[in-house]
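Have a look at the structure below before the remarks.
We're numbering straight along the sequence, starting at 1.
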Amino acid sequence: MKRDRENTSCGSARRTRRSAFPHPSRAVRTVIATLSICAFATRADAGFVTIPDAAGDEVARRTDPGGEGAVDPAAHRLPDLLDITMGSWSPVAPRSDLFTGAFEDGAIFLRLDLRFDGVVNPPGPVDPGEFAPFAHGDHPVYGFIEIDIDADSETGGEIDAPEYRYLGSIARFGGTPDKELFDDRVAEDASAFDGDFETEPFVERHGEEFHLALLGDNFDNIDIDVIEGNPDTLFDVGETWIITAPWFHRAHGYERFSFVKGGAVAGEYAPLSVLRFHHDPTSDTTTLSLVFPLTNEAAAQVTGEPAEPNNHDPTDQASILEALTDLVLSAEFLDVFPCGCPEEAIIIEWKDKNPGEFLDATRWTFTALVGSSYLAPDPLGTFFVWSDVWPNVERGDVNGENGANGEDVEEIEEFIEEHDEEDGAQDGIFNILEFAVDFSLYDINQDARVDSLDALLVGTPGDHDGDDDVDFADFHRFQACFAGSDASFEPPTCVLSDLDTD
C-alpha cells in the first residue's frame, strides 16, 4: 500500500506530510492518533508511523559549568520538535532524487522525518577550538535520535558519552519517563556518569542500534547541495538543502566487538548518508529528512551498480541489514571467544537473531533529545542547551509511575531530608554545587537547588491554592505574580506561576 509523500492534504490546505515520533506505548499511540491535528494516525499497514510531539514545549535546559553561559532564545530559536515520521520508503528515482516517492509496506529504504517549528538550520561546529554554531544560520539544531531496532533494551547503547543522550539528560526536564520502559537506566544526577558499566543506573544501556547524530563537525560547505535558495551558506526561509555526511551511525557500544572495517575507528559503522533540510514558508516549519538503504539492494539502486554482498564495509554499499548482519557474526564469534568484559552484554544477544526480521521501521522504538548552542565556547568542553525530548515526561513525576502525585512529593521531601547537610548547611535546601554540569531529578524547576518549591510544583499546573483545580482564584494569583503588583503573592507562591519551569 502506498501513500504519496509530498502531497498529503491536511484540512483544506495541501501541504507536505509532517513527521512524527513513534512511542513504544500502545496506549500513547492510540491517544496521539486521536489528538493529531491533521489526523496523522499511526499507519503501520501503510509502511509508516506518525506520532506528534507537543508544540510550544521547548524549554532551555543548560549543561555548562555554572549554568551561566550566554543563551539568547529570541535571536537563536530553541528547537521545538513537532513530530516525527518513520517508515519504509520507495523513491521514484533513487539515483537522482531520494526524497520524492511514497511510503510503502515492504519498501527497501528507510525514511525518517523530523519536523520543527519555524526555521531551524544545519548545525555548525561547537568544539571550543572551532566554535561556529551559527555558520549556517541563527537557529542551529543539535541532538540525537536513538533507534531501538530489535525491541530489546539489553542490546546496544552508548558506553563512552551517555551524558549527551536521552537517558543522561531527561531528568533535566522535571521528571522521569515510564518506569517500565527505562527502569534503572535514567541518570538522576551526574554521578550516573561514572564510567562503570556494571553500576546502576545503567545509563549506557539505552538499547539503540542506530542513531541520527545532529552535529556540525562532520560536514563542510562542499557537502551541501542547495536545491532551493541562494548559495550564501545560510539556510533561510523557503530553502531546501541536501547535506551528505555521516549522519546515521550504528550504536558506538558495538564498535569494540565488531568486524566492521573502513571507519574512522575500528568497528565503526558510520557511512555517508544524505539529510535534507526543507523549510516550508506556508506552515513556517522545517523538516529534516533522512533516506537510507535498508538493504544492499537499495544501496545498489542509488549507485546504479549490482548489489554487493554484505562485507562489513560501510565505505561501499552500506545498509541497515549489512550493519545488523555484522552484529550477528560478531556476537557468534564473541560467544565462542568471550572477552570476559561486562560490556559484551550489549551485543551477545544478537548471536541468535535473524537480522532480516528487523527491517520493518514501523516496529522500531525511539527517543529524541534536541537543543541549541551557547553564544560563546566554554574552554572546559562542549556543551549544549537542550530544549525538547521524546518521550516527554510529566513535570514532577520523579518515580515514573502514575503521573505526578503525592508519592512524588514524598520522594522529593525525603530527598531533601537525606541530602540537606551535604552542602554544609541544614536549611531544608540541597544546593547542586556543580550546576549545570551536575543536576538533580528532584530539581523540578532547574534552579540549581532542591527545596520545598520543587515539591509545590508537583500537581496540577496553575493550581496556586492546592485545591486540585484551576479557577479564577488561581488566575487572580497568577495575574498578581505576573504584574508584580501584590507583595502578598511573592515566592514561593509565584513560582507556581512559572507553568513551564523556564
- Message: For A307 versus N296, what's the shortest heavy-atom pair and its separation?
- Response: CB-O, 4.0 Å
- Query: Is a side-chain donor-acceptor pair under 3.5 Å present for D316 with N311?
  - Reply: yes
- Query: Does the side chain of H312 come under 3.5 Å of the side chain of D326 through a donor N or O and an acceptor N or O?
  - Reply: yes
- Message: Test your reading of the model: is there a side-chain donor-acceptor pair from S273 to the backbone of A245, 3.5 Å cut-off?
- Response: yes
- Is R276 salt-bridged to D97, going by a charged N under 4.0 Å from an acidic O? no
- How many angstroms lie between CG in L98 and CG in L290, if you round to the nearest 0.5 Å? 9.5 Å
- Task: Kindly say whether D80 contributes a backbone atom to a donor-acceptor pair with the side chain of D388 at under 3.5 angstrom?
- Result: no
- Under 3.5 Å donor-acceptor, D127 side chain and F131 backbone: no
- Message: To the closest 0.5 Å, what do you measure between CD (E434) and CZ (F439)?
- Response: 12.5 Å
- Item | Test item: N431 side-chain N/O and D423 main-chain N/O as donor-acceptor pair under 3.5 Å | no
- Item | Parallel, tilted or perpendicular: rings of H249 and H252 (30°, 60°) | perpendicular
- With distance as the sole criterion, is a donor-acceptor pair present between the side chains of E209 and Y254 under 3.5 Å? yes
- Message: Out of the candidates W386, F182, F144, only one should pair with Y166 under the ring pair (Phe, Tyr, Trp, His ring centres under 6.0 Å) rule; please name it.
- Response: F182
- Task: Could you tell me how the ring of F210 sits relative to the ring of F292: parallel (under 30°), tilted (30 to 60°) or perpendicular (over 60°)?
- Result: tilted
- Query: Which one of F235, F219, F99 satisfies the ring pair (Phe, Tyr, Trp, His ring centres under 6.0 Å) criterion with W241?
  - Reply: F235
- Charged N to carboxylate O below 4.0 Å: is that the case for D454 and R449? no
- Query: Between the side chain of E130 and the main-chain N/O of P125, is any donor-acceptor distance below 3.5 Å?
  - Reply: no
- Just how far is it from atom CD1 of I242 to atom CD1 of I224, taken to the nearest 0.5 Å? 12.0 Å
- Query: Does the side chain of D194 come under 3.5 Å of the side chain of T199 through a donor N or O and an acceptor N or O?
  - Reply: yes
- Task: Apply salt bridge (Lys or Arg N to Asp or Glu O under 4.0 Å) to the pair R165 and E158, showing each step before the final yes or no.
- Result: CA-CA 8 Å; R165 304 301 183 84; E158 173 56 58; 2.9 Å; yes
- Message: Against H279, only a single residue in T286, D284, T240, D236 fulfils side chain to side chain donor-acceptor pair (under 3.5 Å); can you say which?
- Response: D284
- Message: Can you tell me how the ring of F277 sits relative to the ring of W247, calling it parallel under 30°, perpendicular over 60° and tilted otherwise?
- Response: tilted
- Derivation of the salt bridge (Lys or Arg N to Asp or Glu O under 4.0 Å) call for K353 and D152: CA-CA 11 Å; K353 295 183 178 182; D152 185 348; 2.9 Å; yes
- Item | Distance in Å, K261 NZ paired with D313 CG, rounded so as to fall on 0.5 Å steps | 5.5 Å
- Query: Side chain of R205, backbone of E154: donor and acceptor closer than 3.5 Å?
  - Reply: yes
- Message: Hydrogens and angles aside, do S319 and T295 bring a side-chain donor and acceptor to less than 3.5 Å of each other?
- Response: no
- Query: Strictly by modelled atom types, are S153 and D148 linked by a side-chain donor-acceptor pair under 3.5 Å?
  - Reply: no
- Any idea how F48 and F103 line up, ring-wise: parallel (<30°), tilted (30 to 60°), or perpendicular (>60°)? tilted
